[in-house]
Every structure is written in structure tokens, then in C-alpha cells.
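Have a look at the structure below, then the notes.
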Amino acid sequence: MPSTCNVVVLISGSGSNLQALIDDIQTGDNPARISAVISNRADAYGLERARAAGIPAFSLDHRQFADREAFDAALIELIDQNSPDLLVLAGFMRILTSGFVRHYQGRLLNIHPSLLPKYKGLHTHQRALEAGDGEHGCSVHFVTEELDGGPLVLQSVLLVNADDTPASLAERVHVQEHVIYPLAVRWFAQGRLHLGTQGVMLDDQPLPASGHQIRT
Ligand code: GRF
């Protein structure tokens with residue numbers, strides 16, 4: 001890994017995870033550098049966050065393309081103009097094609113608001129409450145062709161309170177997302193984290209299937 005790690009971030013919305021990453025990089029010991037932020041929605045607030053931090057921000061509207069393949073091909077072209085070492089999905093609400101995922105294999109991270117492999121997809125907080133789970137949280141994982149199914153890097157586990165609602169859980173999980181995503185990116189940028197043939201490696205040791213877990 002070169003002394004800095006060139007990162008491109010994909011978003012669709014508010015970009016609070018992007019902001020957490022920007023803030024962490026500004027603290028100094030994170031060698032990641034965000035060279036571009038790309039959104040499939042021109043009105044994503046995260047684009048404003050990027051511009052406010054002096055980061056080039058682009059939008060590429062998926063509705064302008066005939067199909068998923070055509071959109072992903074254009075997205076790859078735009079991303080690769082920045083030659084990223086790492087591609088970070090931070091609330092990017094599009095399902096990516098297999099070709100896209102393979103192109104970035106081993107350098108593509110996502111964050112998901114559940115303790116994967118539980119609750120892939122949407123409405124994770126409501127589903128955790130409906131199941132009566134005592135614990136909930138969020139996960140950072142390498143992206144593979146299976147939606148929300150790639151090898152886990154980091155999880156933050158929190159206890160569900162008796163009076164939690166989907167909204168209160170979402171809020172507490174979001175706070176944890178802003179802790180674990182910058183940490184995972186920092187590990188990758190420092191050359192400590194990679195996806196090997198044996199799974200996720202941190203400091204040359206394989207991580208357990210649940211990834212590294214933090215409990216709050
Ligand atoms: C987060 O909940 C993340 O887990 C999910 O999308 C949301 C993005 O939130 N993948 P934000 O745009 O970073 O605030």
C-alpha cells in the first residue's frame with residue numbers, strides 16, 4: 001500500500017458516514033484520502049458535505065441509462081478516472097452488477113445496519129424488534145456478489161432496550177456506524193486489512209466469521 005490510500009466514496013443520501021470518514025481523516029492518523037464522492041442522486045446531501053470538504057463531487061443519474069449494466073459501466077469509468085485503492089459504499093442505494101463487484105473485488109467495502117448475516121436488505125431495525133432480538137448493531141463487510149453477504153470485517157453490537165422503536169434503534173446504530181466505518185477504512189489504508197484466500201485478514205491473522213466485534 002502506498003503511503004496514502006486513494007479512496008472513492010459512493011453515496012445516495014445524507015452521507016453521514018461519509019462525514020464521519022472525512023472527520024476521521026482530518027484527525028491525522030488515517031492515511032486514506034478521498035479523491036471523489038459519487039452519487040446516483042444529484043440532490044444527495046452528501047455531495048454538499050464533500051464539496052464543503054474540498055472533495056470533488058459528482059452525480060451520475062441511473063435513470064439516464066438503459067439498464068443496470070450500462071449504468072455500472074459508466075460508473076466504473078467515472079470511478080477509475082480516480083484510480084482508487086479502495087471503494088467505499090456509504091449508503092449507496094443501488095444493487096451492483098456482478099461485473100462491477102468483481103472489478104473491485106478485495107477493495108470494495110460496505111456498511112449495513114444489522115448484525116449480518118441477520119437482516120440483509122431493508123427495514124433492519126424493525127425486523128430486529130419484531131424478532132425480539134436482545135442485540136442489534138451494524139456491520140462492515142467486503143462486498144461480494146451476494147447482496148449484503150460478503151466476508152465481515154467489523155461489527156458493533158448494542159443491547160436492545162425494552163422501549164426501543166425502529167427510530168431509536170436506527171439512531172443508536174447510526175452512531176456506531178460512524179465509529180466502525182472510519183476504523184475499517186483506517187485499517188485498510190494502513191495496509192493492516194485485506195481480503196485473502198482464507199477470508200478477511202487483520203494484521204496477517206484471519207478474523208472470525210463475525211469479523212472483529214465491538215460491544216457498546
Ligand atoms: C446507513 O444506515 C448504512 O448502514 C446504510 O445506508 C445508511 C447510510 O446513511 N448502508 P448515511 O447516508 O451515511 O447517513
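Residues: numbered from 1 along the sequence shown. As the structure lists them, so they are numbered: ligands from 1, and atoms in each ligand from 1.
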- Message: Is the shortest side-chain heavy-atom distance between M93 and R41 below 4.5 Å?
- Response: no
- Looking at CG of L87 and CD of Q105, how far apart are the two atoms once the value is rounded to the nearest 0.5 Å? 12.5 Å
- Query: ring-ring contact (aromatic ring centres under 6.0 Å, His included) with H125: which residues, sequence neighbours excluded?
  - Reply: H136
- Task: At a heavy-atom distance under 4.0 Å, which protein residues reach ligand 1? Sort them by chain and number, would you?
- Result: S14, G15, S16, N17, G91, I111, H112, P113, H174, E177
- Task: Drop me the distance from N82's CG to F58's CZ, to the nearest 0.5 angstrom.
- Result: 6.0 Å
- Message: Could you work out, with salt bridge (charged side-chain N to carboxylate O under 4.0 Å, His left out) as the rule, every residue matching R127, not counting sequence neighbours?
- Response: none
- Message: Test of understanding: with salt bridge (charged side-chain N to carboxylate O under 4.0 Å, His left out), list the residues that count as partners of D204, not counting sequence neighbours.
- Response: none
